[in-house]
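Quick notes on the structure that follows.
Lettering of chains follows the sequences in order, A, B, ..., and the numbering in each one begins at 1. Just so it is clear, the structure is predicted and the values come from calculations on it, not from any experiment.
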Number of protein chains: 2
Amino acid sequence: MNGQKERDGEISLKLFVVLSRAMQAIQKRVEANIKGFGLNLTEFAVLELLYHKGEQPIQKIGQKVLLASSSITYVVDKLEKKGYLVRQPCPNDRRVIYAVLTDEGKKMMEKIFPMHREAMMEILGGLTTEEKEWTIEKIKKLGLYAKKGESST
Amino acid sequence: MNGQKERDGEISLKLFVVLSRAMQAIQKRVEANIKGFGLNLTEFAVLELLYHKGEQPIQKIGQKVLLASSSITYVVDKLEKKGYLVRQPCPNDRRVIYAVLTDEGKKMMEKIFPMHREAMMEILGGLTTEEKEWTIEKIKKLGLYAKKGESST
DNA sequence: TATAATTATTTCGAAATCGAGATAATTGAA
DNA sequence: TTCAATTATCTCGATTTCGAAATAATTATA
């Protein structure tokens with residue numbers, strides 16, 4: 001008998017729908033919040049990476065923020081035009097270009113990151129801290145497994 | 001003392017990152033799977049809605065699939081060109097246009113939906129059925145809460 | 001050393017999505 | 001009934017992302 005398998009099929013479909021809807025609602029609110037600072041989610045993610053991890057080669061940014069290389073070029077262009085970062089060629093390897101926060105970029109993040117954290121607590125306030133910890137574990141497992149099979153299925 | 005609040009801030013940030021990464025990995029695989037049938041995720045979602053719920057007014061589709069009205073026009077155009085659905089004016093209300101699956105569209109879904117379900121079970125195989133059920137509950141709570149506050153924060 | 005393979009970044013064109021506004025039909029209120 | 005407000009769809013221009021290919025530099029191999 002495989003009623004069990006049938007059931008897992010339905011539940012898997014359901015989980016995907018629920019996850020998609022929740023993410024969309026959450027992202028929409030986070031995006032709205034950050035738009036107030038003249039940034040979109042991607043731009044914020046890049047600035048945050050540089051703010052917390054220091055200067056990064058362009059392509060490292062792509063790996064962390066999960067963007068194609070051509071997309072990063074675009075985002076870094078925009079942030080450079082806005083004055084939040086500069087491109088800095090690596091002296092050892094002339095293929096590499098670092099993205100480096102400007103003082104203005106640093107100041108910006110100092111100002112808005114705490115606000116972002118507050119907003120995050122509010123937006124994700126549907127679960128208690130303990131529930132969030134549990135959920136992080138489960139979602140991490142889910143994500144790692146999905147990533148592992150990237151080539152096979 | 002508010003060390004508790006500090007902690008929830010960090011955990012909320014973490015949860016957002018984990019959710020984003022997991023969703024991206026999952027979506028990438030689902031997308032890859034469906035691409036084999038010449039569809040993207042949005043097109044599949046629209047076809048699935050019509051397949052399971054029957055013909056729908058264009059704007060109902062937008063609500064269900066969470067797309068702006070202009071985006072649905074675009075998707076429905078594509079599906080119509082591919083021959084999977086047709087537009088059918090509503091006789092009672094001449095503003096309304098229904099999207100209706102063609103026989104070809106129906107046949108297509110009959111063929112690919114079971115495969116999609118199988119793929120889904122595989123992709124989301126990182127959790128047991130019970131864990132999935134638990135996760136659905138939590139993510140639902142999270143999503144509903146985030147949606148509720150859409151206007152305020 | 002010369003050549004091939006790899007790596008980092010950019011350019012370019014296409015796809016997907018959005019929001020604002022246009023058009024047309026319906027509903028509600030005076 | 002008439003006019004204003006609402007509703008459904010579409011058009012248009014802009015934004016964001018992608019993948020394929022171009023360019024340039026580095027590393028590995030023969």
Side-chain angles (χ1 to χ4, degrees), chain A residues 20-21 23-25 27-32 34-47 55-82 85-100 150, chain B residues 20-21 23-25 27-32 34-36 38-47 55-82 85-100 150-151:
Chain A
S20 300
R21 286 190 189 286
M23 265 319 273
Q24 190 153 349
Q27 270 180 342
K28 205 167 146 194
R29 285 196 59 196
V30 177
E31 185 97 36
I34 286 174
K35 193 166 295 170
F37 308 118
L39 298 171
N40 67 25
L41 210 39
T42 304
E43 291 168 331
F44 181 81
V46 170
L47 290 182
E55 58 188 35
Q56 302 281 329
I58 295 270
Q59 122 276 60
K60 265 274 155 54
I61 299 175
Q63 291 172 347
K64 299 294 185 72
V65 183
L66 304 181
L67 274 189
S69 62
S70 51
S71 307
I72 313 164
T73 296
Y74 172 74
V75 177
V76 168
D77 277 354
K78 284 200 324 175
L79 288 171
E80 199 167 22
K81 272 181 202 128
K82 288 180 183 176
L85 58 76
V86 289
R87 280 178 163 90
Q88 214 168 74
C90 169
N92 306 328
D93 185 337
R94 293 200 328 227
R95 290 169 305 179
V96 174
I97 295 182
Y98 284 95
V100 185
E150 229 160 35
Chain B
S20 300
R21 286 190 188 287
M23 265 319 274
Q24 191 153 351
Q27 269 180 343
K28 204 168 146 194
R29 285 196 60 197
V30 177
E31 186 96 36
I34 287 175
K35 192 166 296 169
L39 298 171
N40 68 26
L41 212 39
T42 304
E43 292 168 330
F44 181 80
V46 171
L47 289 183
E55 57 188 36
Q56 303 282 328
I58 295 270
Q59 122 275 63
K60 264 275 156 54
I61 298 176
Q63 291 171 348
K64 298 295 185 70
V65 183
L66 304 181
L67 275 189
S69 63
S70 50
S71 308
I72 313 164
T73 297
Y74 172 75
V75 178
V76 169
D77 277 354
K78 285 201 323 175
L79 289 171
E80 198 168 22
K81 272 180 202 129
K82 289 180 183 176
L85 58 76
V86 291
R87 282 180 162 88
Q88 213 169 75
C90 170
N92 306 327
D93 185 338
R94 292 201 327 227
R95 292 169 304 180
V96 173
I97 296 182
Y98 284 95
V100 184
E150 228 159 36
S151 40

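Here the closest heavy-atom approach between residue A/Leu67 and residue A/Val75 is recorded as CD1-CG2, 4.1 Å. Closest non-hydrogen pair, B/Tyr98 versus B/Cys90, comes out as CE1-CB, 3.5 Å.
Side-chain atoms of A/Ile97 lie closest to C/dT10 of the nucleotides C/dT10, D/dT9, D/dC18. Taking every side-chain heavy atom of B/Tyr74 into account, C/dA16 is the closest of C/dA16, C/dT9, C/dC18.
The CD-C1' distance, from B/Glu55 to D/dA8, rounds to 17 Å in whole Å. Nucleotide C/dA25 holds its P atom 17 Å from the CD atom of B/Gln59, rounded to whole Å. Put simply, CD on B/Glu80 is 13 Å from C1' on D/dC10, counting in whole angstrom units. Atom NZ of B/Lys82 and atom C1' of C/dA15 are 11 Å apart (whole Å). The CD1-P distance, from A/Ile72 to C/dT11, rounds to 14 Å in whole Å. Regarding B/Glu31, its CD atom lies at a distance of 10 Å from the P atom of D/dG19, rounded to whole Å. Going from atom CG of B/Leu41 over to atom P of C/dT17 covers 9 Å, rounded to whole Å. The interatomic distance linking B/Gln88 (CD) with D/dT9 (P) rounds to 13 Å, in whole Å.
Within the structure, a side-chain polar atom (N or O) of A/Thr73 is placed less than 4.0 Å from OP1 or OP2 of C/dT10. The phosphate of C/dA15 (OP1 or OP2) has no side-chain N or O of B/Asn40 nearer than 4.0 angstrom. Close to C/dT17, at under 4.0 Å from its OP1 or OP2, lies a side-chain N or O of B/Thr42. Between A/Lys78 and the phosphate of D/dT16, there is a side-chain N or O to OP1/OP2 separation shorter than 4.0 Å. The phosphate of D/dC10 (OP1 or OP2) has a side-chain N or O of B/Arg87 nearer than 4.0 angstrom.
The environment of NZ in A/Lys82 is crowded: more than 12 heavy-atom neighbours from other residues, nucleotides or ligands sit within 6.0 Å. With a 6.0 Å radius and a threshold of 12 heavy atoms from other residues, nucleotides or ligands, B/Lys78 has its NZ atom above the threshold.
Interface remark: the B/Arg95 side chain does not form any donor-acceptor pair with the D/dT9 base, using a distance-only criterion of under 3.5 Å.
Map B/Ser70 and A/Ser69 each onto its nearest nucleotide of DNA chain C; the residue landing nearer the 5' end is A/Ser69. Of the residues near DNA chain D, A/Glu43 and A/Asp93, the one whose nearest nucleotide (by heavy atom distance) lies more toward the 5' end is A/Glu43. Nucleotides of DNA chain D nearest to A/Arg94 and B/Gln63 differ in position, and the one nearer the 5' end is that of B/Gln63.
Of the possible polar contacts, one joining the A/Gln24 side chain to the B/Leu66 backbone as a donor-acceptor pair under 3.5 Å is found.
Nucleic acid contact for A/Leu67: sugar-phosphate only, since backbone atoms but no base atoms lie under 4.0 Å from a heavy atom of the residue. When heavy atoms are screened at a 4.0 angstrom cut-off, A/Asn92 is found touching the sugar-phosphate backbone but no base atom.
Each of A/Gln88, A/Gln59, A/Arg87 was scored for a side-chain contact (heavy atoms from CB on, under 4.5 Å) with A/Ile97, with one residue passing: A/Arg87.
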